[in-house]
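We're numbering straight along the sequence, starting at 1.
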Amino acid sequence: MPKTAAMVSEEVREALDTGVPVVALESTIIAHGLPRPRNLAVATELEALVRAGGAVPATIAVLDGRAHVGLTKAELERVAGDPGMRKFGHRDLAPAVATGASGATTVSATAFLADLAGLRVFATGGLGGVHRGWTETQDESADLRLLAQVGITVVCAGVKSILDVPATLQRLETLGVTVIGYGTGHFPGFYLASSGEPVDWTVDSPEEVAAVMRAKDALAEPRSSLIVANPVPVEEQLDPALHDRVLARALEEAREEGVTGQAVTPFLLERLTRYTDGASLEANLAAVRGNVRLAARIAAAYA
């Protein structure tokens with residue numbers, strides 16, 4: 001991507017130049033993950049949580065063909081309020097820049113642009129991964145391969161529970177992406193505190209995460225991301241029995257209605273929100289808030 005295609009905000013640039021910690025935030029949750037006007041309130045809240053943790057927030061989006069790392073208040077309002085805001089993965093960035101398009105960035109696009117700007121920590125809700133039925137569909141999120149190519153620490157609540165979690169963890173291992181559990185020996189399940197799948201490494205403090213980051217720097221490993229899997233608090237997770245019952249119903253409906261490909265994820269997430277009376281959305285937001293708070297502490301410890 002040409003240097004002129006990316007614009008780093010004055011606040012973020014100054015922070016990077018002076019060693020102040022910075023946390024990257026994605027914009028898809030703002031433009032596509034929440035209803036208006038709550039989406040703007042949440043976006044503002046997440047940036048405030050980063051600041052409360054002693055770091056500078058860098059929400060990332062593409063506006064009129066220019067990738068922005070760090071948004072002004074007006075730009076944040078535009079992302080939240082424009083119904084024509086598209087959704088961009090990293091593969092969409094070049095055509096978006098070339099055609100002057102505007103869109104919110106997914107995990108892969110946010111991680112790519114954050115890495116390009118020199119940011120080291122990124123907070124999100126859950127990663128994409130390997131979809132159920134992969135042997136038939138070969139459906140896998142672009143997040144995984146991209147995270148194997150950029151050197152950023154991603155704080156997340158695991159992967160969405162609608163995915164094939166064991167296959168996703170296997171794929172991350174194959175790609176050489178390090179996964180560590182934060183205060184847990186099990187990989188989180190996004191809405192759930194645990195997916196039941198073990199992780200090989202556990203850390204218990206932001207300082208330990210920062211030490212792992214520094215060790216990766218010192219070893220000069222092949223570039224790849226560090227995934228910090230931070231579970232949603234048990235008291236704020238979606239009721240596991242309700243989750244399993246609703247997900248089974250949604251998967252059956254997807255099969256009956258012939259939903260395939262990229263349409264599967266939004267279909268299942270919409271059904272989960274509907275059939276849990278919004279409880280899945282609240283668990284999602286609880287996870288995001290926890291990840292943002294932790295990311296700010298990790299960025300400060302690393303800085």
Side-chain angles (χ1 to χ4, degrees), residues 1-3 5-6 8 12-26 53-56 58 60 67 69-70 89-91 93-94 105-124 127-129 140-156 158-159 168-185 187 198-230 291 294-303:
M1 174 178 288
K3 291 182 179 179
V8 178
V12 172
R13 172 55 58 201
E14 184 177 336
L16 291 172
D17 289 344
T18 57
V20 174
V22 181
V23 173
L25 302 171
E26 64 159 285
V56 170
I60 295 177
V69 178
H90 74 279
R91 69 171 187 168
L93 292 174
T105 51
T106 65
V107 167
S108 70
T110 305
F112 175 80
L113 291 170
D115 184 70
L116 185 69
L119 278 61
R120 293 300 308 272
V121 181
F122 165 33
T124 186
L127 304 179
E140 174 186 315
S141 171
D143 293 354
L144 303 184
R145 183 169 174 270
L146 190 280
L147 291 175
Q149 299 173 320
V150 297
I152 197 160
T153 295
V154 185
V155 184
C156 65
V159 298
T168 299
L169 287 169
Q170 180 61 55
R171 184 72 173 131
L172 287 167
E173 180 183 340
T174 300
L175 291 168
V177 177
T178 302
V179 178
I180 56 178
Y182 189 83
T184 179
F187 196 63
V199 291
D200 293 326
W201 297 98
T202 300
V203 296
D204 296 303
S205 70
E207 290 72 24
E208 286 185 84
V209 178
V212 175
M213 293 169 66
R214 293 191 192 99
K216 281 177 66 68
D217 296 342
L219 288 166
E221 294 179 350
R223 280 172 63 77
S224 64
S225 297
L226 170 65
I227 294 176
V228 180
N230 181 40
N291 295 339
L294 178 57
R297 296 172 63 199
I298 290 170
Y302 181 76

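Between L119 and A24, the closest heavy-atom pair is CD2-CB, 3.7 Å. Residue A295 comes nearest to A123 through the heavy atom pair CB-CB, 3.6 Å, listed as atom of the first residue, atom of the second, then distance. Contact between V23 and A299 at its shortest, heavy atoms only, is CG2-CB, 3.9 Å. When every heavy atom of G54 is checked against every heavy atom of P21, the shortest pair comes out as O-CG, 3.3 Å. Closest non-hydrogen pair, L144 versus G128, comes out as CD2-O, 3.5 Å.
Contacts classified as salt bridge (charged side-chain N to carboxylate O under 4.0 Å, His left out) and involving residues 141-155 (residues at least two apart or in different chains) are not found.
Here the straight-line distance linking atom CD1 of I298 with atom CG of N230 works out to 7.5 Å at 0.5 Å rounding. In this structure, OG1 on T174 lies 11.0 Å from CG on L169, to the nearest 0.5 angstrom. To the nearest 0.5 angstrom, I227 atom CD1 is 11.0 Å from F122 atom CZ. Atom OG1 of T153 and atom CE of M213 lie 3.5 Å apart (nearest 0.5 Å). The CG atom of L147 sits 6.0 Å away from the CG atom of L127 when rounded to the nearest 0.5 Å. For the atom pair CZ (F187) and OG1 (T168), the distance works out to 7.5 Å, reported to the nearest 0.5 Å.
Residues passing the side chain to side chain contact (heavy atoms under 4.5 Å, CB included) test with E173 are Q170, sequence neighbours excluded. Shown here are the side chain to side chain contact (heavy atoms under 4.5 Å, CB included) partners of S224, two or more places apart in sequence or in another chain: K216. For R13, the side chain to side chain contact (heavy atoms under 4.5 Å, CB included) criterion is met by V8, L16, D17, not counting sequence neighbours. Scanning for side-chain hydrogen bond (donor to acceptor under 3.5 Å, both in side chains) contacts around T124 gives E26, with sequence neighbours left out. The side-chain hydrogen bond (donor to acceptor under 3.5 Å, both in side chains) test applied to R120 returns D217, Y302, not counting sequence neighbours. Looking at residues two or more places apart in sequence or on another chain, you find a side chain to side chain contact (heavy atoms under 4.5 Å, CB included) between V56 and E11, V12, A15, V20, V22.
At distances below 3.5 Å, at least one donor-acceptor pair connects side-chain atoms of S225 with backbone N or O atoms of V150.
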Any chance you could lay out the side chain to side chain contact (heavy atoms under 4.5 Å, CB included) test for I180 and V199, step after step, and finish with the verdict? CA-CA 7 Å; I180 56 178; V199 291; over 6 Å; no
Would Y182 and V203 count as a side chain to side chain contact (heavy atoms under 4.5 Å, CB included) if you check the C-alpha gap in whole Å, the side-chain angles of each, and the deciding distance to 0.1 Å? CA-CA 5 Å; Y182 189 83; V203 296; 3.9 Å; yes
Run the side-chain donor-acceptor check on residues 107-116: report pairs under 3.5 Å with partners two or more places apart or on a different chain.
{"from": "S108", "atom 1": "OG", "to": "H90", "atom 2": "N", "distance (Å)": "3.0"}
{"from": "S108", "atom 1": "OG", "to": "H90", "atom 2": "ND1", "distance (Å)": "3.3"}
{"from": "S108", "atom 1": "OG", "to": "T106", "atom 2": "OG1", "distance (Å)": "3.3"}
{"from": "T110", "atom 1": "OG1", "to": "T105", "atom 2": "O", "distance (Å)": "3.3"}
{"from": "T110", "atom 1": "OG1", "to": "T105", "atom 2": "OG1", "distance (Å)": "2.8"}
{"from": "T110", "atom 1": "OG1", "to": "T106", "atom 2": "O", "distance (Å)": "2.7"}
{"from": "D115", "atom 1": "OD1", "to": "G151", "atom 2": "N", "distance (Å)": "3.2"}
{"from": "D115", "atom 1": "OD1", "to": "R223", "atom 2": "NH2", "distance (Å)": "2.7"}
{"from": "D115", "atom 1": "OD2", "to": "R223", "atom 2": "NH2", "distance (Å)": "2.3"}

